[in-house]
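Reviewing the structure listed below.
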Amino acid sequence: MFEGFRKGVLSKSEFEANIETFSDIRKYGVLFIFFLILLFAAAFAMLLGAYDISFTDVYATIFANINPYGDVSGVSKLHNTIIWNIRLPRIILSITVGAALASSGAVFQGCFRNPLVEPYILGVSSGAAFGAALGIVYPDVFSSVQISAFIFGSLAVLAAYMLARTRGQTPIITLILGGVIIGSIFSALVSLLKYMANDSALREIVFWLMGGFYYATWQDVFVTVPIVFISFLIMWIYSWKLNILSMGDEEAKALGVNSERSKLVVITIATLVTAVAVSTVGIIAWVGLMMPHAARMILGPDNRFVIPSAAMLGSIYLIVCDTMARTLTTSEIPVGIITSIVGAPYLCYLLRNKGRSLLG
Amino acid sequence: MVTVNINEICFGYSSTKILDNVSVDIDRSSFVSIVGPNGAGKSTLLKCVNKLLEPGSGMIIVDNNNVQEMKRMEVARNVAYVPQSSNRVFPTTVFETVMMGRRPHLGWFSNETDKERVWQILEEMGLDDLALRNFDELSGGQQQKILIARALAQETGVILLDEPTSNLDIWHQLDVMENVRSLVNNKNVTALMVVHDLNMASKYSDRILMMKNGKIVSAGDPASVLTCENIENVYGVEAHVHEHAGIPYVMPLKQVRIAADACLMNQEHEIRT
C-alpha cells in the first residue's frame, strides 16, 4: 500500500484513509482464520485415536451428550466412554493449556521487554514440579498432586517477586534473577525427592516432569477452563498497557500507565494461568516461548492482537502435538517431548531467518 | 499567565540533596531551558513535573492542579515527556509509536479521528513518509522528532524534553529546536527543556534557568543569565560571551577549576534514579 502511494497509484487521502483501518481489519481477519483452524483441528483430532471410530459415530456420541433431550443409551457404551470421557475433555484441556501458556508467554515477554522470556521464567514450573513431587512421594501428607503443585508453583513466583522488590520497585533484571535463584533451589529439591523416592514414585515424577494429558478428566476441564478464560480476558484488556510497558518503565509512566501496578497485575494473572496449566498437565515446554513469536511474526508487535492470536496458535499447536502423542505409537509419548522436538527446529528457523528483525 | 508553578521542591536520598528548595514559575506558551553542569538536578527537576519522580517536599502545580494528587493518566493528559532516546525490544512502526501518545485519551480502542489526528501531526512534522518504517531503523534525529510527535499526540499544554539534542548532529539539533520553537509559537505549548548546549538554549528559549547543586542560581532571559560571571561560577569555565543579532553566544575558553566532588556524587545519584 505504501509502495502504491509512493508510485502515485493511490492518492494521498486514499492512502491515509486506508492504511490503518485496512491493517486492523486484516488483523481481525487473521484472528478469525486462526479461530476456524482451531475449530477444525479440534474437530479433526476427535476422529483420531488408537481406537478407530467412524466420523458419524463420533459426532452422534457428542450430540447425544450435548442435546438435553438426547439419549446417551442410544450410543455404544464403549464409544461414549472413549469419545465423551476421554477424547473430548483431553482436547478441551489441550486447547485451554495451550492458550494459557501461549498468552501468558506473550504477556511475560511484553512485560519483561525480552523476547527470550517464557512463562516458566519466574520459577513457577520448578515450584510446581517440587509440589507435584512432594504429592507423589508423600501421598499421605499431600492428598492432591495438583493442588500441591499449584500452591508451590505460586509460592515460587511470590518468593522471586519478594526477592526482587526493593524500594517499592521491581526491576526486571532482579526479578528474572530472583526467578532463576528460586527455580534452581526448587530444582535441587526435586532432585532430592527423586533421589529419595522409590521406583514407582520416581517413574511417576519423571512422567509428570515431561508433561502430558493422559489423565485428563471433565473435572480438570471444569477447574481450568473458567480460570484460564477469565485470566485471558484480563490479559487481553491489559494488552494496550502492555504495549506501552514494553517501551520501558519511564516512558510508560510518562504515557499515563502506572507501570508498577500494571506489572504486578499482569505478572500475577500470567503466573496464575501458568500455575493452573502446569499443575494440571505437568511441564510442557516451548509453547509459551514460541507461540508469541509466531503470533508477532504474523500480526506485528501490537499486543492487542498478539495475545489472542498467540493463545489460539498455542491451542492449535498443543492439539496437534497431543494428537501425535497419543496416535504415533501404541503406548503414549509424553507431549512435552513432542512439543520440544517439533518446536526446536521451528525456533532454529526463526533465529536464522527472522532473528535479526525479531530479536534485534 | 503561569502554567507550571514549582513550589519549594526538595528531592534526595538520605543525606544527599539533589533538589534543594527549588521554586520557579513558568509562563504559558513560553520556551524555558534548564542548563547547568552534570548532576545539578536538571533532569530530576524535569521528572518531578510529570510525577516520574516524587519530590520529598514541596508542590508542583500544572494548570491549577496539584501534580502529586493527580492520577498518572491525568498527568499524561496534561504533561507530555520526550525522553533523550527510546529503545524497544519488539519493533514498532512510526505510526504505532506516535499512536501511543493517543493512549492516555483512548485506552484499548483507537478510532478514526485519532488516526487522522496522528496523520495530521506526522504530516505537519514532515514525517508522513516514514509512517510505516520501523522506529529502530531510523536515525537518531528522526527518532527524536518522532518522540516529539508522540508528545504532540498527547495534546498537552506542557511538554518536557530531556536533553533532546544531545545525540544529534548540528543540522538535526537545529531541526529539533525549530520544531519545539514552532510548537511554542503556534500551538501555545509550554516547553520545558533540559539542554547542555548553551548556545542552543540561548538561540531558542525565552527564559533560561541555570542550576547548580540542586538550586536555581540564575533565571531570566538568555542575555541576563548567560554572563561570563555566571558561567565561571556555575561551570568553572572561563568563557567569552559575545552578541549576535541580539542573542548572546558563549565561547568557552578554559577550565578555571576541576568540577567539585559534590557534583560527581550528585551525578551518581541521578543515574541511579
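In what follows, chains are A, B, ... by sequence order, proteins preceding strands, each numbered from 1.
- Neither the backbone nor the side chain of A:Asp249 comes within contact range of chain B; no heavy atoms are under 4.5 Å apart.
- A:Glu251 and B:Tyr81 form no side-chain donor-acceptor contact under 3.5 Å, judged by distance and modelled atom types alone.
- Proximity to chain A is limited to the side chain of B:Arg150, based on heavy atoms less than 4.5 angstrom apart.
- A salt bridge is defined here as a Lys NZ or Arg NE, NH1 or NH2 lying under 4.0 Å from an Asp or Glu carboxylate O, and B:Lys17 with B:Asp20 meets this definition.
- Between chain A and the options B:Asn50, B:Thr97, B:Leu52, heavy-atom pairs under 4.5 Å are most frequent for B:Leu52.
- Residues B:Asn167 and B:His172 bring no donor and acceptor atom of their side chains to less than 3.5 Å of each other.
- Using a 3.5 Å distance cut-off with no hydrogens or angles, the side chains of B:Gln143 and B:Ser85 do not pair a donor with an acceptor.
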